[in-house]
Every structure is written in structure tokens, then in C-alpha cells.
2 protein chains.
Amino acid sequence: MFKKKIIIIEDQEDLRESFEVIINGSDKFFVQSTYPNAEKALREISKVRPDIAMVDLELPGMNGIEAIKHIKEKSPKTECVIVTVYEDSDLVFEGLKAGAVGYIIKNANYLEIISALDELVRGGSPMSSQIARMVIQNFHINPNSPLSSRETDVLKLIAEGKSYTQISEELFISKETARSHIKNIYVKLNVNSKSEAISKARKDHLI
Amino acid sequence: MFKKKIIIIEDQEDLRESFEVIINGSDKFFVQSTYPNAEKALREISKVRPDIAMVDLELPGMNGIEAIKHIKEKSPKTECVIVTVYEDSDLVFEGLKAGAVGYIIKNANYLEIISALDELVRGGSPMSSQIARMVIQNFHINPNSPLSSRETDVLKLIAEGKSYTQISEELFISKETARSHIKNIYVKLNVNSKSEAISKARKDHLI
DNA sequence: TAAAATTCACCCTTTTTGAGGGATTGAATT
DNA sequence: AATTCAATCCCTCAAAAAGGGTGAATTTTA
């Protein structure tokens, strides 16, 4: 088994060093290099290609969210872990959306850090259940939808880019019926085009 | 503080009863009623309106996934928890997508069950880090996209239902350029319409 | 330097869209 | 019993959009 190559992007020197010591003390991981900001890390990421990047969310210059996006662009196989003081914040959620697969709390102890990294390489995502809830709620549909179930069916197909004709074929109704539903959807959502309907539907989690 | 009202939908009588005993032994929860299948539960759900529904995934008749969907329709405020033997499966993931907010393993002990329910009422989602990974990977984009960044920009707008003209306006390019990009997208994705492009893009997490 | 990405133009035909109308049936609620 | 709502279907019309083909200039990047 090869040790997993890790880089650390963290502006606080003490933290950077304590993480390094802890990780280098393990038998599964080693720290390849550390960076005080995202810019310096991004300059080398393509050559270094680490297995794991630990990214602080609050960095001078480019913030952690943007850093994660760039890392995933330049080195897609690198798994990003958020390092944060705030256990449960929207910021962590943004980081996960940007491409991170989990996060580590700044004041975590040796065991917590190593076990989080362990979970990671075993294909898991270390995160609190609060964050997990935020994540899954993102693809739960809104139970207070103003639309009828048939209208929701139609809207889903609209969101897949289907035309009136295609929708009518998939739902075994006439094209005119599909158009009727769509007109009613427009009235209920207060929009007047497919694209507006899709935007509103996604924003309000109607589909 | 009122105790949280729970219903259990589980076909195995022994499990149903042991869950009931465990939960009724806690000071924060009580079992209002139990059901051996989804159909019977759904007949009463609108009147009972439990705070929490514990739903087995493998039920005779209607399965747990469908049951969860129906529960969320009829009683949106009821939080569904999956009860399953398989800790990490696509089935659990499907249940979460259907509207569940977490899951409990069938052979969990008293403490695990109560702490999972506790996490739930505190706004968390009890789940393993393996499941968490599956969940977040659902909104990570594919780093091996065949599309250029500009093409991806265009595709995102297509997925919002935008027309050639709207796309050109939003990206400050001419309509013909937008068409060019779209034609190239069609070739790269091997499709020949907007709807096909959207389907493929979503399936492959290109957007 | 060569390849890829980004930009734009003009040809063409067919389909779709959105805005107006209106109508019927059946189920659920009051 | 009355009424509302969902779901189904039909019509017209003009404007917009879509999709296919072909070619080419410019910039960026590997």
C-alpha cells in the first residue's frame, strides 16, 4: 500500500504545521507540501497531483470555495476536504457543492483527523448529520407545490427539454392536452415561457 | 416538551415490537401505531399525522420507496426514516431521494436508534459517510467532461430552457455563435436536440 | 507550431411556441 | 346538490425557434 499524498492549504502557520505533524505521524498518509494561500497551491497542483487536498475556507486572496473549483478543474482526481472552524454553516455546504467530499473541524484531535481521512479513502464523506441534512434537502421536492401531480409530470418533461409533441407522446395524451397543462403551469407559476418555468421550478424545488 | 409521535411500517412482527418497546422506553418519543405494510399506513396517515415515520424498504405490496413518496404527499411534515438491513446500498439512496431524511439499521441497538432519532429532531440526517458520499456526488460535476468550458456554459443555459437568442444575450455573443456551440455540443454528446443534450448532460453530470 | 476553443455569417426547411378562444368528463369537497 | 378542480381534448394564427449544412477568422493553449 502506498501512502496517500496530501497537500494543505491553510493560512495559519501553527495549524498548517500541526496538521502536517499529525498526518506525517500516520502510516497511511504523508504531507507532500503546504501552502499559505490558494494561488500558490494552484500554481503547482498540476505537477503535484495530490490524492487529497485539505483546503481552508477562509484564505487571504482567493477563498476556499473558488480554490476547490480550480483544484477540481486542474486535478480532477484530487479529493478536496474542507478545513473549517464553523462546523455547520452554509459555507461548508457551498464547499461541498463546489466539489469537496467532506470536511474536517480545525480543532479536531489526532484521531478525528486521521479517521476523517480514513473515511475519505474508503469512499466515504466525513460530515456531520446537520450538513448531511442540508445536502439531501437539496434534492427533496417541495411538498407545498401549487401544481397538480399531472402538471408536475409535465413540468418535469419540460425541464428535460421536451417539446409539446414529445410530452404528449410520453404521457399518452394529446398534444393539446399537454399544451393545456403547460398553460395552467404558466398561470400558476406566474411565468410565460418554458425557461422561466424551469427556473422557477428549480428554485422552488417543485421538480 | 411534547413527545414526538412515531409510526412504524415494518412487516417483521418481532422488529416492529422491539422498535416499539425501545422507543416507548425513551422520554422524547412514543409510538402512536405500527403497520405491517404501507397500504394500511397510508390509509391512516392523513389522520395520524405523525412527526416521524419509520419505513422499512422491503415491504410486501408497495415498497418503502413508494411508501415514502406517498407519505410525503399526504403528510408533508412527517419526517421519514428508512429502516434497512443493507447499510450502504443504492436502495437507501433512492429512499433519500424519495424524501427520507436518514436511515436506521435494523440490528441497531437501543442507543443507536434513540440517537438517530435525536439527530433527526435536532435537524440532522443520520447516515453513514458512505451514503453521504453518494448523496453529495449527485451534485458534483464530472471532471472528464468532453465539453469545453464555453460549451458547458451554453449547455447550462440550454438546461434552463433558454433559447438561442437568450443564450446569445446572456453570454454576450451573437446568436450564430451560440448555435455554433450548440452544434458542437450535439456532435460531442452524439445527440441532435436540446432535450437529448439535457438528458445526457444530467446523466453524465456534465452540468 | 499545431490543435483546440471561440467567435461569426448565411443558406435552407420544418417545428414549436405562446396567446387567444372553448368544451367535456369525473372525482373530490362542501 | 352544488361546485370546484383536475385532466382531457379541440381550434386558429403569426412569430419565433430549432436544426442541418458549410465556411472561416481569431485567440488560446498545449
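A, B, ... follow the sequence lines: proteins, then strands. Residue 1 opens every chain.
Rounded to an integer number of Å, the gap from CG of A:N184 to P of D:dA7 is 10 Å. A straight line from CD1 of A:I158 to P of D:dA17 spans 17 Å, rounded to a whole angstrom. For A:K183 and D:dA6, the NZ to P distance is 17 Å, given to the nearest whole Å. Atom pair B:I182:CD1 and C:dA5:C1' shows a separation of 16 Å (rounding to whole Å applied). Summarising the geometry, the separation between CZ on A:R179 and C1' on C:dA19 is reported as 9 Å, rounded to the nearest angstrom. Summarising the geometry, the separation between CD on B:E151 and P on C:dT7 is reported as 10 Å, rounded to the nearest angstrom. Put simply, NE2 on B:H181 is 7 Å from C1' on C:dT7, counting in whole angstrom units.
The side chain to side chain donor-acceptor pair (under 3.5 Å) search around A:E176 returns none, not counting sequence neighbours. Not counting sequence neighbours, A:E44 has no partner by the salt bridge (Lys or Arg N to Asp or Glu O under 4.0 Å) test. With sequence neighbours left out, B:S18 forms a side chain to side chain donor-acceptor pair (under 3.5 Å) with no residue at all. Applying the side chain to side chain donor-acceptor pair (under 3.5 Å) criterion to A:E58, with sequence neighbours excluded, gives no partner residue. Among residues two or more places apart in sequence or in another chain, the side chain to side chain donor-acceptor pair (under 3.5 Å) test is passed with B:Q32 by none.
For the contact set between residues 67-74 of chain A and DNA chain D, defined by any heavy atom under 4.0 Å, there are no members. Looking at residues 159-178 of chain B, you'll see B:S163, B:Y164, B:T165 sit with a heavy atom under 4.0 Å from some atom of DNA chain D. Taking every heavy atom of residues 185-207 of chain B and every atom of DNA chain C, pairs under 4.0 Å involve B:K188, by number.
For A:D14, the CG atom is densely surrounded, since the number of other residues' heavy atoms within 6.0 Å is greater than 12. Residue-environment remark: NZ (B:K5) exceeds the threshold of 12 foreign heavy atoms within 6.0 Å. Taking a 6.0 Å sphere around NZ of A:K72, one finds it holds more than 12 heavy atoms contributed by other residues, nucleotides or ligands.
For the atom pair CG of B:D27 and CD1 of B:I114, the computed distance is 8.5 Å after rounding to the nearest 0.5 Å. One distance of note links NZ of B:K106 with CD1 of B:I113; it measures 12.0 Å at 0.5 Å rounding. Separating the CD1 atom in B:I71 from the SG atom in B:C80 is a distance of 4.5 Å, to the nearest 0.5 Å.
Side-chain contact check for A:S128 and A:Y103: at least one donor-acceptor pair (N or O, by modelled atom type) lies under 3.5 Å.
Sorted by first and then second residue, the pairs that involve residues 127-153 of chain B and meet salt bridge (Lys or Arg N to Asp or Glu O under 4.0 Å), not counting sequence neighbours, are A:E79-B:R133, B:R150-B:D153, B:E151-B:K188. For residues 137-148 of chain A, no pair satisfies salt bridge (Lys or Arg N to Asp or Glu O under 4.0 Å), with sequence neighbours left out.
Look at A:R150 and you'll find a side-chain N or O under 4.0 angstrom from OP1 or OP2 of D:dT8.
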Taking N or O atoms only and anything under 3.5 Å, show me the protein contacts with nucleotides 28-30 of chain D, one pair per line.
none

Every protein N/O lying under 3.5 Å from an N/O of nucleotides 28-30 of chain C:
none

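Note on B:D118 versus B:K28: salt bridge recorded, some NZ/NE/NH1/NH2 to OD/OE distance being below 4.0 Å. Taking the charged nitrogens against the carboxylate oxygens, B:R122 and B:E119 have no contact shorter than 4.0 Å, which rules out a salt bridge.
Across all strands shown, B:S180 has heavy atoms under 4.0 Å from base atoms, whether or not it also approaches the sugar-phosphate.
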